[in-house]
Amino acid sequence: MIDQRPASWWDSAVVYQIYPRSFADGNGDGIGDLAGFRARLPYLAELGVDAVWFTPWYPSPLADGGYDVADYRDVDPRIGTLAEAEALVAEAHRVGLRVLLDLVPNHTSIDHPAFRAALAGGPGAPERELFHFRPGRGASGELPPNNWRSCFQGSAWTRVTEPDGTPGEWYLHLFDSGQPDWNWEHPAVRADFEETLRFWFDRGVDGFRIDVADLLGKADGLPDADAWAPGPKPIADQPTVFEVHRAWRRIADSYPEPKVLVGELWKDDPELFRRYVNPHGLDGGFCFALFTTAPDASALRAAVDRTRHVQGPDGHSPWVMGNHDVTRPVTRLGRRVHFDAWNRTEEPSDVETGTRRARALALLTLALPGNAGIYQGEELGLPEVTDLPEHTLQDPVWERSGHTDRGRDGCRVPLPWEGDAPPFGFGPADDTATEPWLPQPPAWKQLTVAAQDGDPDSTLTLYRAALRLRRAHPGLGAGELEWLDLGTGVLAFRRSSGFSCVVNLSGEPVELPSHESLLLTSGPVAAGRLPVDTAAWLQSPVVEER
Ligand code: NOJ
């Protein structure tokens with residue numbers, strides 16, 4: 001039995017998340033694609049991240065932005081081809097970037113051939129056993145089989161029309177009705193996913209981010225419950241999920257350089273977390289603590305301590321400030337009350353304050369022990385787009401909530417690369433006409449890559465400098481942290497090799513502690529005082545470390 005994983009490139013890695021439809025458009029149809037990504041590869045190499053994670057690029061009817069996968073071993077024709085994907089992996093490797101894909105194992109798409117066969121087979125067909133089909137409750141089966149709710153609101157069950165035209169069984173979907181849940185008790189489901197893992201690993205892919213990694217397997221009998229309530233629940237943490245992850249670990253470790261498996265996984269209980277993240281399971285889980293924490297020194301310190309306690313020293317779980325599901329940090333941090341990124345709110349935001357804080361917390365995130373993640377556009381300081389016209393909204397949450405929740409499109413708006421007006425170079429250089437699939441705000445002309453490139457004060461320059469330092473400084477990445485007490489409202493800690501990070505959230509400028517040199521600051525420092533909402537990376541003389 002191995003109790004500790006060998007050191008890996010992943011341990012200190014910074015992973016950059018690509019939302020393929022919004023990164024760069026190579027063919028001018030308004031939708032980001034692999035050609036666009038390949039053309040922008042030098043940008044990522046220069047940025048200085050270690051890996052990219054692509055949210056799903058597979059064929060999909062887009063009931064949930066691609067998290068409804070119709071074919072796990074191909075690329076959506078709107079995004080590219082398999083041959084381009086293979087070329088992309090090779091090119092990324094050539095510039096020193098690893099590539100992670102998104103594995104979506106809890107559910108598939110209603111367009112997946114296996115689900116179509118299950119529908120066509122009718123009640124009792126063996127093809128239905130790959131999913132959770134059940135007769136309804138009530139005199140004529142008109143009520144769903146249990147009371148589970150979809151994560152996107154509404155029932156987690158949809159009734160099908162049988163091949164003979166009559167209303168029939170119901171199928172389970174913990175997300176949208178376009179995303180039927182697989183039955184992980186079925187050996188054919190397990191075998192098929194193992195083949196998918198090998199398929200991409202054989203093409204050089206370095207690992208997977210695993211979507212809702214804890215949901216595979218449901219409690220026997222699918223008992224009624226508040227399915228998403230905190231604590232033990234029938235949809236998560238079932239024995240099956242651990243068996244599946246172990247099998248995947250064996251496959252991942254069978255390659256000369258073990259592949260990375262990192263879960264979308266948030267567990268607040270150390271024992272439960274380590275049942276997932278251990279040498280026989282996952283390498284880590286994305287760590288969402290910073291999503292919900294106010295820009296307040298003691299709250300942030302408590303969140304970091306709690307996370308480190310839960311994960312232990314070997315939980316190589318990226319610290320992240322945002323992703324494609326939550327309010328962008330600039331907007332979240334510019335608010336006065338609502339700091340929970342999951343909770344979409346109408347509270348207005350002050351972009352200037354939000355930008356200052358997001359820059360400061362970027363330095364915090366990149367200085368914490370372990371790995372870190374950057375969601376595309378954070379390095380440009382993009383805000384959430386809160387006023388997308390209703391007819392452009394695509395997130396299923398908008399429809400399923402009866403138009404009360406605008407959903408997650410506001411953080412998925414295509415990136416601005418250059419120029420003074422939309423589409424800001426999102427498409428090919430000679431194409432100024434095609435509208436990106438979600439409209440970009442005209443004000444983004446100040447935030448384009450070109451506008452920020454070479455500007456010493458830009459957020460892009462800050463990220464580039466921070467990532468360069470992070471790679472070079474022996475005190476950053478994996479390792480320990482020691483808190484420093486610099487007074488109320490100031491978050492400060494020391495790493496090894498003389499590195500320390502100070503974040504001033506106190507409401508007034510503070511004296512910097514003594515140091516040998518100022519490595520980097522997220523805003524201007526005057527007369528040795530660190531302004532409000534600003535972070536500094538400091539170098540002190542290296543004392544002999546035990
Ligand atoms: C988590 C993904 O990040 C999100 O975008 C998706 O809607 C759900 N899982 C369901 O796949």
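Side chains included, hydrogens not; waters and symmetry mates left out as well; all remaining heavy atoms used. Counting starts at 1 for both ligands and their atoms, in listed order.
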Is it true that [X] and [Y] make a salt bridge, defined as a side-chain N closer than 4.0 Å to a carboxylate O?
{"X": "Asp29", "Y": "Arg78", "result": "no"}
{"X": "Arg249", "Y": "Asp283", "result": "yes"}
{"X": "Lys267", "Y": "Asp237", "result": "yes"}
{"X": "Asp395", "Y": "Arg400", "result": "no"}

As an exercise, identify every atom of ligand 1 less than 4.0 angstrom from a heavy atom of [X].
{"X": "Glu264", "result": "1 (C), 3 (O), 9 (N)"}
{"X": "Arg408", "result": "4 (C), 5 (O), 6 (C), 7 (O)"}
{"X": "His107", "result": "10 (C), 11 (O)"}
{"X": "Phe175", "result": "8 (C), 10 (C)"}
{"X": "His324", "result": "2 (C), 3 (O), 4 (C), 5 (O)"}

message = If we set the cut-off at 4.0 Å for heavy atoms, which region of Phe286 has an atom near ligand 1: side chain, backbone, both, or neither?
response =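 For Phe286, there is no contact with ligand 1 at all, from either part.
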
query = Is a side-chain donor-acceptor pair under 3.5 Å present for Thr55 with Asp102?
reply =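 The criterion, which ignores hydrogens and geometry beyond distance, is not satisfied for Thr55 and Asp102.
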
task = Check the side chains of Tyr16 and Glu378 for a donor-acceptor pair under 3.5 angstrom, ignoring hydrogens and angles.
result =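 Glu378 vs Tyr16: no donor-acceptor pair found between side chains.
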
query = Can you tell which of Asp211, Asp176, Asp395 gets a heavy atom nearest to atom 9 (N) of ligand 1?
reply =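 Answer by nearest heavy atom: Asp211.
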
Residue selection (non-hydrogen contact nearest atom 4 (C) of ligand 1) among Val397, Leu174, Asp325 =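 The option holding the nearest heavy atom is Asp325.
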
message = Taking the six-membered ring for Trp, are Phe201 and Phe208 closer than 6.0 Å centroid to centroid?
response =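 So the answer is yes for these two rings.
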
inquiry  = I'd like to know if Gln17 contacts ligand 1, where contact means a heavy-atom distance under 4.0 Å to any ligand atom.
reply    =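 Per 4.0 Å heavy-atom rule, Gln17 does not contact ligand 1.
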
inquiry  = Give me the residue, atom name and distance of the protein heavy atom closest to atom 7 (O) of ligand 1.
reply    =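 Nearest protein contact, heavy atoms only, for atom 7 (O) of ligand 1 is Asp64 OD2, 2.6 Å.
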
